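If you're wondering where the values come from, they're calculated on a predicted model, not measured in any experiment.
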2 protein chains.
Amino acid sequence: MTSSPLACAACPVRDRAACSALDEGERGDLARLGRHRVLSPGEVLFAADEANDRCATLVSGALKIGTVESDGSERILSLIHPAGFVGELFAPVAHFDVTALTRSEVCVFSRREYEAAVERYPALARALLRRSSEDLLGARSLMGIVARTSARDKVAGFLLAMGEAASDSPCHPAATFELPLSRSEVAGLLGLTIETVSRQLTALERSGAIRRNGLRGIELVDAAQLGN
Amino acid sequence: MTSSPLACAACPVRDRAACSALDEGERGDLARLGRHRVLSPGEVLFAADEANDRCATLVSGALKIGTVESDGSERILSLIHPAGFVGELFAPVAHFDVTALTRSEVCVFSRREYEAAVERYPALARALLRRSSEDLLGARSLMGIVARTSARDKVAGFLLAMGEAASDSPCHPAATFELPLSRSEVAGLLGLTIETVSRQLTALERSGAIRRNGLRGIELVDAAQLGN
DNA sequence: CGACGCATTGATTGTAATCAAAATTAGTGG
DNA sequence: CCACTAATTTTGATTACAATCAATGCGTCG
């Protein structure tokens, strides 16, 4: 774990994250409260049932929000992409684990200080509300994919969603991208087993919908075949 | 459809909804912008792809947020309980349908005017942020249920979640409650078929976990059997 | 090179979808 | 109030599909 002050000037999500709603002076105030931190793949940022005293903005990489079930298996509830915000501002203890999927950069804040900033800067509250609304939209879209009945539709919809998340343009998915999740994690997200995910991927490749480059590289050849 | 001015004094969610964050004068301002409306079961409040120019707080009853798939089947993405807020403040067109499940009372606002109020009253922005965060938590909890692999676990988890939603106390589920959803809607929510939902309910009843009163009445006899 | 973790492939079983029918409930009008 | 129809739910039989069990391939790292 590394940690250092913020350098907002060079921040890649400078004008998409919640803090982008602030003016120069306000941003400077907030920057003094935060710490830049780099997470390695698999590194835990926040853990469920621990004191919930921090929050963070994701600058680069990808995070997962999940829980481990009573039987020990992991269930992924949400993915966080750059400019996303994590941390439960209104709960005393964290409900979920937040873990880095890839090498990730985050700005970590003390929850108490961040909440004070939300009180002090109404623009920050509105920006967070906007982020939260978008997260809610994303969570519901994902729900529509996970609740499908056939494994093929789940995997196809998941690939499309990941392509869209990896894309710069809001509407069209990226033609080629890297999955930030292992097979086990994809399975835990979609409510399938590792083997079924694997089989569906090979089936989609054989049918010409996708091509695979290595274990995690995906090329969307015929997005129409993946549904809509 | 009926519509009339608001009478906040008698509002049952007076101190849980977003507007509860406002002081008397502010609340009065907001009340002048809203219209009280009663929805019959099945009545559509907002429709997907329509102009997204309104938002609402649910006062009593229950709403569903859903989409109809390309094959015509319905997929439910979220349930809204009293004090919940619906409407996409930051999207030009609505992504989802919002429909009453039971007879429901809502306070409907013009989105433009509500957004202006959010700008004017920082406390309202913070209250909405809080609501939104709670909705996000709820969406993720539901995801954890829907992504289960076995039909039994899905139905069991769903019943527990509905019991908790129907309860006054935050932690313990209500011992007895009415499902606001038809079998078809439960199936659409959980990614199962009507028949499977029905069979799982009878199985749970035979095993002594629940008892049924009529088509929609549920009594939680042995909550431990439903998992955790 | 060998060992480990992860992914794919194969064979079999179990479970949920599908197809079909009966039963229950709700809604309507006489 | 009751008969009748329509809609919803339950139950049954069969099929299809995904989970499970098991083994093999692949890539990374000591």
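The line from OG1 of Thr67(B) to CD1 of Ile76(B) is 9.5 Å long, rounded to the nearest 0.5 Å.
Between the P atom of dA17(C) and the CG atom of Leu190(B) lies a distance of 10 Å, rounded to the nearest Å. The distance from atom CZ of Arg148(A) to atom P of dA17(C) is 16 Å, rounded to the nearest whole Å. As rounded to whole Å, 16 Å separates atom C1' of dA7(C) from atom CG of Asn213(A). Distance, Leu179(A) CG to dC6(C) P: 16 Å, rounded to whole Å.
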*Carefully, step by step, assess Phe46(A) and Leu63(A) under the rule side chain to side chain contact (heavy atoms under 4.5 Å, CB included).*
CA-CA 11 Å; Phe46(A) 306 142; Leu63(A) 307 178; over 6 Å; no
*Determine, step by step, whether Asp97(A) and Thr99(A) satisfy the side-chain hydrogen bond (donor to acceptor under 3.5 Å, both in side chains) criterion, reporting the C-alpha distance in whole Å, the side-chain angles of both residues, the deciding distance to 0.1 Å, and the verdict.*
CA-CA 6 Å; Asp97(A) 300 306; Thr99(A) 311; 6.0 Å; no
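At a threshold of 4.0 Å, the pair Arg37(B)-Glu43(B) counts as salt-bridged, since one of the basic side-chain nitrogens sits closer than that to a carboxylate oxygen. In summary, Arg183(A) and Glu195(A) do not engage in a salt bridge, as defined by a charged side-chain N under 4.0 Å from a carboxylate O. Ion pairing between Arg111(B) and Glu88(B) fails under the 4.0 Å rule for side-chain N and carboxylate O.
Near DNA chain C, defined here as any heavy-atom distance below 4.0 Å, there are no residues from residues 66-78 of chain B.
For the helix from dC1(C)-dG30(D) to dG30(C)-dC1(D), the angle separating the two terminal helix axes comes to 40°, with each axis derived from five pairs and the value rounded to 10°.
Ring centers of Phe85(B) and Phe109(B): at least 6.0 Å apart, outside the cut-off.
With Val86(A) as reference, Leu45(A) is the one residue of Leu58(A), Asp135(A), Leu45(A), Thr57(A) to meet the side-chain contact (heavy atoms from CB on, under 4.5 Å) rule.
Remark: Arg211(B) CZ is loosely packed, at most 12 non-hydrogen atoms of other residues, nucleotides or ligands lying under 6.0 Å away.
Across all non-hydrogen atoms, the minimal contact from Pro173(B) to Leu220(B) is CB-CD1, 3.9 Å.
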*List the protein contact pattern of nucleotides 7-19 of chain D with one symbol per nucleotide (5' to 3'): B for base contact, S for sugar-phosphate-only contact, - for none; contact means a heavy-atom distance under 4.0 Å.*
--SBBBB----SS
